[in-house]
Amino acid sequence: MAGLTSDSDDNDKFEWESDGEAAPSSAPTLRNLDAPGPSTLVRQNSNGWANGEATSTSLVEEYVTMGFPKDMVVKGIKEIGHNDVNALLELLLTYKALGDEGALGDCSTSGCACPNVQDDDDDDLDSDNWDNDNDTGGREHNSDSSGDEDFLKEMSAKDEKINLLVDMGFSEDEANMAMTTCGVDADLCVLVDSISASRVAGDCHSRNLFDDQVMDRCFDSFGEREKARLMEERKKKRKRYGGGSHGNRSSLDGSDDEQMHLPNPMVGFNLPGYRRPSVMRMLPQQAIGPPFFYYENVARTPRGVWETISRFLYDIEPEFVDSMHLSAAARKRGYIHNLPIENRSPLLPLPPKTIFEAFPHYKKWWPSWDPRRQLNCLQTTVASAKTTERIQCLLARSSNPPPPSVQKYVIDECRKWNLVWVGKNKVAPLEPNEVEYLLGFPRDHTRGVGKTERYKSLGNSFHVDTVAYHLSVLRDMFPNGVSVLSLFTGIGGGEVALHRLGIHMRAVVSVEIGEANRRILRGWWDQTQTGTLIEVADVKSLTPDIIASYVGRFGGFDLVIGGSPCNNLAGSNRHHRDGLEGEQSSLFYHYFRILDVVKSAMARM
């Protein structure tokens, strides 16, 4: 969303999260011929370079193969940049014609031979080998070449962020301007804010038109209406989230990077069986549908993530829910949506809330010294056979009951991996069909793919009963059914929730990159539904024109639902817990982009 975090409050020492897995990064072949594919989105900038091809390192290699020395190419890029490849080529030809030895130091244009590209790539462009140069023949590198390497790395980082911004719908010129203004090290959300603010300042100041109707036209593209609204709120110095169920909030304008407080108990605005003061929330005007939208992700994230998500999604207060209050397993999640919060109703019959209610046959072998009555967050992976065998051998050699140190080790492992007792001294992971049951899916929902894929898909899915409780307000609002845009669909947790609520899905446009997940959803759909299912592999392929065509075809969407990958958000992902700057979790910005385009297209209907 592998990182694994226990979501249970009684096991804080473990930081395992089942949501750390992500769908494959490559887009498989589309199942529906009507669905657009990534191959239609090969962009080219004004100089003829496809985005991603003209990064600094690849551009250096390109000119080295043409016979220019590497130092000469780097000097040229430093002097005029690399956006205009024609100008750069002309400058390099000038260097070569003039024999600019003084400017290039050790590189003599009169004696330069075309280097071997492979050797150059290994020796000079690979920063991992830089510190080992003394072990490869005593080659000397002066400070200038080291500086060139740093320069190339900085330019590559800049190129990567520019490509991300272009993927989000901004122009390359806007991306370059934001990088110049904010610096190469600026976070992605800061760059997005900078571009949006520049659009607001440029478009509206030049026209000097401030009436509401013209302002709406001024801010008709991605991000601009949001920035204008935030600017207006700052002028009014409005306190955000005043009087909400989670208390007063810090400003969400990016100036305060404090961790958003997670409530305890984590029961959202309301849950069945929990008496709390009634919650009144006022949605910003821009957040009010159509369409209704629903966004989900892990509750425990790096600092500032939920503030940023909330700010992009119209400053709506997140609703944090731990599914342990609705089931026998924990699952701490945050939800941002514009659905009503009154007159909700749970799925019936209510799901079991303890391990023994869900699986009474495990009580036979459950030792008295194992206090667990609920499971931790259901993970994308399970314990190995070596882990369960080690526990069995350890208990077989111990007294009955085992000493406290053995008890502690075994219980810690059982909590970490959600192991259950299936025999004397014998523990085992839950079976996939048991995980399906705990998450609210029909039995054998994921059957037909490999066991490893089943655990992975289930570990990344919605908790159906929680989502259905929130979506239950749609039942009376749409008696004739709904049309749904489902982003990051997974195995169809949102669709299963609507089905179990008795809400007919007239049409679903499902966007899911995982081939196994798409196969699971299609198999379930064909057996249970009569509406139209259109499958799209990649959110990046949903251009404004394609989105508008779906809006026109289905008369708009009643619900936009999804939860972007949490790979770079989950607590266990120590190496790549990069927040919304991470490769996978930055896909959140596509959720906002697509939602904004849907809202604009429906407003024009």
Side-chain angles (χ1 to χ4, degrees), residues 1-2 17-25 27-28 30-32 35 294-298 323 327 329 331 333 335 347 351 377-382 430-468 470-471 484-501 503 505 508-529 531 533-539 559-567 570 584 587 591:
M1 202 302 191
E17 184 62 67
S18 69
D19 315 282
E21 290 284 341
S25 59
L30 298 184
R31 187 182 305 278
N32 189 297
Y294 188 85
Y295 177 81
E296 179 259 16
N297 216 314
V298 293
S323 294
S327 72
R331 205 172 191 78
R333 295 294 182 269
Y335 305 88
L347 290 173
C377 183
L378 299 168
Q379 304 169 4
T380 56
T381 58
V382 295
L430 294 168
E431 292 296 322
N433 64 294
E434 294 173 324
V435 180
E436 290 170 342
Y437 177 61
L438 291 171
L439 290 173
F441 289 95
R443 184 181 179 87
D444 294 331
H445 181 74
T446 59
R447 192 169 183 176
V449 301
K451 201 170 185 178
T452 299
E453 283 291 343
R454 293 181 73 182
Y455 283 121
K456 177 179 177 180
S457 298
L458 288 163
N460 285 321
S461 70
F462 285 165
H463 181 254
V464 172
D465 288 271
T466 302
V467 174
H470 294 158
L471 298 182
V484 181
L485 176 56
S486 178
L487 305 176
F488 314 101
T489 302
I491 58 175
E495 289 74 12
V496 172
L498 290 169
H499 173 69
R500 292 190 59 191
L501 286 167
I503 299 176
M505 287 167 279
V508 171
V509 176
S510 168
V511 187
E512 168 56 41
I513 201 168
E515 185 177 0
N517 289 342
R518 294 202 307 272
R519 187 159 67 248
I520 291 168
L521 176 67
R522 170 60 73 177
W524 172 81
W525 184 276
D526 290 343
Q527 296 184 55
T528 62
Q529 305 301 307
L533 175 64
I534 296 176
E535 295 179 277
V536 181
D538 195 343
V539 292
L559 175 67
V560 177
I561 185 171
S564 54
C566 64
N567 299 52
Q584 298 295 330
L587 292 172
Y591 180 95

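Basis for what follows: all heavy atoms, side chains included, without hydrogens, waters or symmetry-related copies.
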Problem set entry | Tyr335 and its ring pair (Phe, Tyr, Trp, His ring centres under 6.0 Å) partner, picked from Tyr295, Phe462, Tyr294 |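 Result: among Tyr295, Phe462, Tyr294, Tyr294 is the only option passing the ring pair (Phe, Tyr, Trp, His ring centres under 6.0 Å) with Tyr335.
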
Of the non-hydrogen atoms in [X] and [Y], which two are nearest, and what is the gap between them?
X      : Y      : result
Ala516 : Glu453 : CB-OE1, 3.8 Å
Leu471 : Gly494 : CD1-O, 4.4 Å
Gly531 : Trp525 : O-NE1, 3.3 Å
Pro442 : Val496 : CD-CG1, 4.1 Å
Pro565 : Leu587 : CG-CD1, 3.9 Å
Lys451 : Pro432 : CE-CD, 3.7 Å

Just how far is it from atom [atom1] of [X] to atom [atom2] of [Y], taken to the nearest 0.5 Å?
X      : Y      : atom1 : atom2 : result
Thr528 : Arg500 : OG1   : CZ    : 12.5 Å
Arg331 : Leu439 : CZ    : CG    : 5.0 Å
Asp465 : Phe441 : CG    : CZ    : 10.0 Å
Arg518 : Ile513 : CZ    : CD1   : 8.0 Å

For this session: Sort out for me which residue in Thr446, Leu378, Ile520 forms a side-chain contact (heavy atoms from CB on, under 4.5 Å) with Leu458.
Result: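 It is Thr446; the other options fail the test.
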
Exercise. Does the pair Glu436/Arg454 count as a salt bridge with the N-to-O cut at 4.0 Å?
Worked result: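 So Glu436 pairs with Arg454 through a salt bridge.
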
Exercise. Given the rule in the side-chain contact (heavy atoms from CB on, under 4.5 Å) test, do Val467 and Glu296 qualify, once you have shown the distances and angles that lead to the verdict?
Worked result: CA-CA 9 Å; Val467 174; Glu296 179 259 16; 5.9 Å; no

Do any N or O atoms from the side chain of [X] and from the backbone of [Y] form a donor-acceptor pair under 3.5 angstrom?
X      : Y      : result
Asn297 : Ser564 : yes
Glu512 : Gly490 : yes
Glu434 : Glu431 : yes
Arg522 : Glu535 : no
Trp524 : Gln529 : no
Asn460 : Lys456 : yes
His445 : Ile491 : yes

Is any side-chain heavy atom of [X] closer than 4.5 Å to a side-chain heavy atom of [Y]?
X      : Y      : answer
Val449 : Ser457 : no
Tyr591 : Val539 : no
Leu498 : Val508 : no
Leu521 : Ser510 : yes

For this session: Would you please test Val382 and Leu430 for side-chain contact (heavy atoms from CB on, under 4.5 Å) and show each step?
Result: CA-CA 8 Å; Val382 295; Leu430 294 168; over 6 Å; no

Problem set entry | Residues Leu501, Leu347; criterion side-chain contact (heavy atoms from CB on, under 4.5 Å); working and verdict | CA-CA 7 Å; Leu501 286 167; Leu347 290 173; 3.7 Å; yes

